[in-house]
Amino acid sequence: MQNYPEQIIVIGAAIIDILVRPADAEVFQTGSYPADDIRMSTGADALNEATVLARLGRKVRLETVIGSDRAGDFVREHCIREGIELPTDCVRTGISTGINVVLVDKSGERHFLTNPRGTLRTLTIQDIHMPFGDEAQIVCFASIFVFPKIGPRELEIIFRQAKRQGKTVCADMTKRKNGETVRDISAALQYVDYLFPNAEEAMLLTGKNTAEEAAECLREAGVKHVVIKCGQRGCYLRSEEESGWVPAVSGVECVDTTGAGDSFSAGFIYALAAGKGFRACAEFANECGAEAVQSVGAVEWLDKL
């Protein structure tokens, strides 16, 4: 892959995933269950996105925090190997690097066991190095609602700073945690150029019943380009100039959805940084998401490149 001089900054969590596939509730009756695959890998939205972007040839800086422990060493070694830049002060004592147990059922859907006291949810605005460097082209926050200490006001500060510096602002999200509405975060959303929720997340946030309605609501809140991830349906696009569906890649056999949304977002950002148009970015994002669900693990599909 070609290497590009412009940097992409990804903000968010970096943890360890322990994946078990297939997982079944039968284990609670039998005491043991024969899983076909149990493995350890890096994980979390921001690190997944950074890994995809770096493997595709982009220069990436990851704004995150990790613990001073063996799991943190594993994350740092991964970043060194992939060429992902980490802040020199991202390692913290007195807190454990986040570890998720990802239980993948027979259909490929995921169920998580998480440690809320680890680094998965501890990022604060003070951990993010602002102003952003001059070489950064895109700033991506991955993802909204993950960090209890980064709420609407903090998001507004981060996004506004990026826009003041002329950056393209992207953001992903997870399900709202405290009943937040689109009105609650509209002050932050007005600075977002590209937003990547999935359909459930978007409908919960907006109170709408369809992806199309949710996308329109997010546009009215100030998002310049809304990209709603809809799995087997593909994705729905809404901007001032364009709206409509981009169909998913056909003939895909889903074995694990872990990291599929992160691979989608990273693929979109990669194409965006390459100067591709809105729909072309979505088409490439669909391709990356499709590759991800055909492999076990968040970013293992990249090994085929």
Side-chain angles (χ1 to χ4, degrees), residues 10-24 27 33 35-55 60 62-82 84 86 90-92 95-123 140 142-143 145-147 172-175 196 198 201 229 231 254-267 288-289 291-305:
V10 182
I11 303 168
I15 66 166
I16 301 296
D17 279 344
I18 308 297
L19 290 106
V20 181
R21 171 184 173 270
D24 193 284
V27 69
Y33 186 83
D36 293 336
D37 196 2
I38 301 176
R39 67 176 67 184
M40 181 175 73
S41 65
T42 54
D45 44 23
L47 183 52
N48 290 341
E49 290 182 16
T51 300
V52 174
L53 286 163
R55 192 71 69 87
V60 185
L62 176 60
E63 293 281 343
T64 192
V65 293
I66 54 177
S68 179
D69 52 21
R70 294 186 69 178
D73 291 343
F74 188 87
V75 171
R76 286 192 295 111
E77 290 165 5
H78 169 86
C79 290
I80 292 170
R81 187 166 58 250
E82 297 293 343
I84 299 168
L86 287 172
C90 72
V91 179
R92 307 297 163 80
I95 188 169
S96 299
T97 301
I99 299 176
N100 278 358
V101 178
V102 185
L103 305 176
V104 184
D105 65 24
K106 293 178 181 179
S107 70
E109 291 300 316
R110 302 160 297 155
H111 312 272
F112 294 90
L113 298 174
T114 67
N115 174 12
R117 291 176 294 279
T119 58
L120 175 63
R121 308 207 184 279
T122 58
L123 194 73
C140 179
S143 57
F145 302 130
V146 166
F147 310 106
D172 204 338
M173 68 167 59
T174 186
K175 292 180 186 178
F196 310 118
N198 68 32
E201 294 159 356
K229 298 172 285 190
C254 177
V255 297
D256 178 14
T257 59
T258 304
D262 302 331
S263 291
F264 176 100
S265 298
C288 291
E291 290 291 341
V293 301
Q294 295 180 84
S295 299
V296 176
V299 295
E300 276 67 15
W301 66 274
L302 295 165
D303 294 337
K304 297 183 291 186
L305 298 180

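Owing to the predicted nature of the structure, the values given are computational and were not obtained by experimental measurement.
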What heavy-atom pair brings Met173 and Phe145 nearest, and what distance separates the two atoms? SD-CE1, 4.3 Å

Taking every heavy atom of Ser263 against every heavy atom of Cys288, the minimum-distance pair comes out as O-CB, 3.4 Å

Closest heavy-atom pair and its distance - Thr64, Ala14: OG1-N, 3.4 Å

Distance from Ile38 atom CD1 to Arg21 atom CZ, nearest 0.5 Å? 12.0 Å

Determine, for Lys229 against Asp172, whether the closest basic-nitrogen to carboxylate-oxygen distance falls under 4.0 angstrom. yes

CG of Leu120 to OG1 of Thr114: how many Å apart, nearest 0.5 Å? 6.5 Å

Under the side-chain hydrogen bond (donor to acceptor under 3.5 Å, both in side chains) rule, what do Ser41 and Asp17 come out as? Steps first, then yes or no, please. CA-CA 5 Å; Ser41 65; Asp17 279 344; 4.9 Å; no

Considering only heavy atoms from C-beta outward, does the side chain of His111 approach that of Asp105 to under 4.5 Å? yes

Checking Arg110 against Leu103 for the side chain to side chain contact (heavy atoms under 4.5 Å, CB included) test, could you report, in this order, the C-alpha distance in whole Å, the side-chain angles of both residues, the deciding distance, and whether it holds? CA-CA 6 Å; Arg110 302 160 297 155; Leu103 305 176; over 6 Å; no

Residues passing the side-chain contact (heavy atoms from CB on, under 4.5 Å) test with Ala260, sequence neighbours excluded, are Ala292, Val293

Rounded distance (nearest 0.5 Å) linking atom OG of Ser265 with atom CG of Asn198: 9.5 Å

Hey, does the side chain of Thr119 reach the backbone of Ile66 with a donor-acceptor pair shorter than 3.5 angstrom? no

Name the residue from Asp45, Val52, Leu47 that meets the side-chain contact (heavy atoms from CB on, under 4.5 Å) definition with Asp262. Asp45

Of all the heavy-atom pairs spanning Val60 and Ala50, show the shortest one and how long it is. CG1-CB, 3.7 Å

If you round to the nearest 0.5 Å, how far is SG of Cys140 from CZ of Phe196? 6.0 Å

I need the Leu123 CG to Glu63 CD distance, nearest 0.5 Å. 8.5 Å

Listed by chain and number, what are the side-chain contact (heavy atoms from CB on, under 4.5 Å) partners of Ser96, not counting sequence neighbours? Asp69

Thr42 side, atom OG1; Ile15 side, atom CD1 - distance, nearest 0.5 Å: 9.5 Å

If every non-hydrogen atom of Pro116 is compared with every non-hydrogen atom of Arg121, which pair is closest and at what distance? O-CB, 4.3 Å

Mark yes when over 12 heavy atoms from residues, nucleotides or ligands other than Arg117 sit less than 6.0 Å from its CZ; otherwise mark no. no

Check: Val102 main-chain N/O paired with Asn100 side-chain donor or acceptor under 3.5 Å: no

Distance-only check: which donor-acceptor pairs under 3.5 Å involve side-chain atoms of residues 70-81, not counting sequence neighbours?
unit_1, atom_1, unit_2, atom_2, d
Asp73, OD1, Arg76, NH2, 2.6
His78, NE2, Thr51, OG1, 2.9

Using a 3.5 Å distance criterion without hydrogens, assess whether the side chain of Ser68 forms a donor-acceptor pair with backbone atoms of Val91. no

With no hydrogens and no angle check, is any side-chain donor or acceptor of Arg55 less than 3.5 Å from a backbone partner on Leu302? yes

Residues Glu49 and Ala142: closest non-hydrogen pair is OE2-CB, 3.5 Å

